[in-house]
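This report concerns only the one structure given below.
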Amino acid sequence: MGYRFNFRDVFAQQSFLLEGLLLTLQLSFIAMALGLAVGVTCAAVRVYGPRPARLAVAGYVETIRNTPLLVQLFLVFFGLPSLGIRLDATTASIIALTVNLGAYATEIVRAGLEAIPRAQIEAGVSLGLSRLQVFRYVVLMPALKVMYPALASQFILLMLATSIVSQISAPDLFHTASIIQSRTFRDFEVYIVVAALYLGLALAFRLAFAGLYQLAFARR
Amino acid sequence: MIREFGLIDIMYLLGAARWTVALAAVAFLGGGLAGLVIALLRVTPLAPVRWLAIVYVQAIQGTPLLAWLFLFYFGLPLVGFVVNPWIAAATAFAIYAGAFLGEIWRGALAAIPPTQWEAGASLGLGFLDQLRYIIVPQAVRIAIPPTVGFLVQLIKNTSLAAAIGFVELTREAQITNASTFRPMTVFVIVAAIYFAMCFPLTQWSRYLERRLHVAR
């Protein structure tokens with residue numbers, strides 16, 4: 001009891017925190033973009049592809065979804081060098097986060113694709129649209145609209161999960177916290193500040209995703 | 001000292017997996033209690049009580065689990081608790097699980113049509129009796145599949161306890177890797193152990209969900 005909070009030392013390191021925050025944002029955005037691309041591709045294969053490809057995608061999704069991200073990250077960062085592939089912490093983080101998000105995105109997009117009625121696809125074909133056009137305009141966009149809330153919350157979970165990359169010393173926001181902690185010995189305060197920053201990020205993301213929905217889907 | 005990776009290491013890893021299970025079990029029990037309270041607070045007629053529960057859920061779901069682990073690991077000693085990684089991890093995981101289970105169970109309660117509550121009220125039942133005899137028995141069936149699904153998340157996330165030095169499966173893997181330097185072998189085996197724990201639960205959750213949809 002009688003602990004005196006001292007946030008001054010922590011805030012004195014704000015430029016440092018900002019750098020970490022920047023990498024956290026970068027990691028999140030890159031993984032979201034790549035993960036969504038992986039997800040859409042794999043979901044399309046999962047639903048329309050030939051059987052062996054479908055099974056391969058199912059294997060990928062199940063493997064990733066039933067193992068911890070931390071172990072996946074360790075495999076990429078510590079395991080791959082023993083096969084001769086050497087990566088820096090940030091690259092390894094991007095790969096692991098993308099592979100991880102890709103699996104969850106595949107499941108989400110797949111559910112969306114399957115929700116599109118056959119008749120709708122046939123209507124597209126009968127209008128003379130090419131297969132790619134049908135996939136893009138008749139299947140993917142309506143599917144993304146349906147799956148948007150699930151994708152958005154998965155993206156926010158991913159943003160929070162980027163904190164795990166601190167465990168391989170990628171200099172993200174959470175890793176910054178441990179460095180500031182070792183400089184100031186203000187353990188508790190550092191993690192309160194960092195937790196508050198993540199909370200702010202999560203709220204900002206939620207608002208941004210809501211806005212994006214209005215832009216992308218609401219007018220159609 | 002670097003030594004060969006052998007059967008004994010696999011035995012150590014399996015032994016450490018027990019702590020993964022133990023941590024997940026404690027977190028699930030603690031989180032279940034917290035989640036029950038949260039879910040009930042969310043459906044009470046008192047608005048300020050509902051807000052309190054919402055703030056709790058938002059705060060937990062908007063911050064990384066890793067932050068809560070460190071907060072409890074470094075924070076509990078400040079208020080006079082003797083803390084070891086076990087207590088810090090169990091507390092953090094229970095609070096984390098409480099928020100998610102609370103949300104899941106609130107959703108299940110909300111899925112029961114309001115007319116069911118009204119029917120209970122018209123029979124002269126009070127709030128608690130309506131819950132107990134009418135709402136909860138129906139909500140439980142809806143809640144079980146996602147609850148099992150969350151258990152998978154929980155088991156996977158216990159790997160984060162390695163960060164505060166709690167020796168469960170992932171931490172043991174790091175230790176084994178440090179002495180054998182066979183990262184690929186060690187982490188593939190560890191991933192396989194996690195998979196063996198999680199995959200049956202995932203399948204079970206799917207089965208329960210299918211059965212629920214058939215029943216409705």
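Residue numbers start from 1 in every chain, and the chains themselves are labelled A, B, ... in the order their sequence lines are given, proteins ahead of strands.
- The greatest number of non-hydrogen atom pairs below 4.5 Å with chain B, out of Met159(A), Arg206(A), Glu62(A), is found for Glu62(A).
- Using a 4.5 Å cut-off between heavy atoms, Ser153(A) does not touch chain B at all.
- For Val186(B), no part lies under 4.5 angstrom from a heavy atom of chain A.
- Note: Ser163(A) leads Ala177(A), Ala202(A), Ser163(A) in heavy-atom pairs under 4.5 Å with chain B.
- For residues 28-59 of chain B, heavy-atom neighbours of chain A at less than 4.5 Å comprise Gln58(B), Ala59(B), sorted by residue number.
- Phe78(A) touches chain B through backbone and side chain together, each having a heavy atom under 4.5 Å away.
- Ranking Gln153(B), Arg206(B), Met197(B) against chain A, the residue ahead of the rest is Arg206(B), based on heavy-atom pairs under 4.5 Å.
- Scored by the side-chain hydrogen bond (donor to acceptor under 3.5 Å, both in side chains) test, Arg183(A) finds Gln13(A) as partners (sequence neighbours excluded).
- The side-chain heavy atoms of Glu172(B) and Trp19(B), taken from C-beta on, include no pair separated by under 4.5 Å.
- Side-chain atoms of Glu103(B) and Gln61(B) include no donor-acceptor pair closer than 3.5 Å.
- For the residue pair Asn66(A) / Thr202(B), a side-chain donor-acceptor distance below 3.5 Å is found, with atom types taken as modelled.
- Side-chain atoms of Tyr60(A) come within 3.5 Å of backbone N or O of Val99(A) as a donor-acceptor pair.
- Between the side chains of Trp105(B) and Thr147(B), at least one donor-acceptor pair of N or O atoms lies under 3.5 Å.
- For the residue pair Glu19(A) / Thr176(A), no side-chain donor-acceptor distance below 3.5 Å is found, with atom types taken as modelled.
- Ranking Cys198(B), Pro183(B), Ala191(B), Gly62(B) against chain A, the residue ahead of the rest is Gly62(B), based on heavy-atom pairs under 4.5 Å.
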Give the intermediate values and the outcome of side chain to side chain contact (heavy atoms under 4.5 Å, CB included) for residues Asn84(B) and Phe166(B). CA-CA 9 Å; Asn84(B) 57 36; Phe166(B) 180 81; over 6 Å; no
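- Contact of the Pro85(B) side chain with the Leu69(B) side chain is not registered, since no non-hydrogen atoms from C-beta on lie closer than 4.5 Å.
- The contact between Gln181(A) and chain B is made entirely by side chain atoms (from C-beta outward), counting heavy-atom distances below 4.5 Å.
- Remark: the backbone N or O of Leu23(B) is not paired with any side-chain donor or acceptor of Thr158(B) at under 3.5 angstrom.
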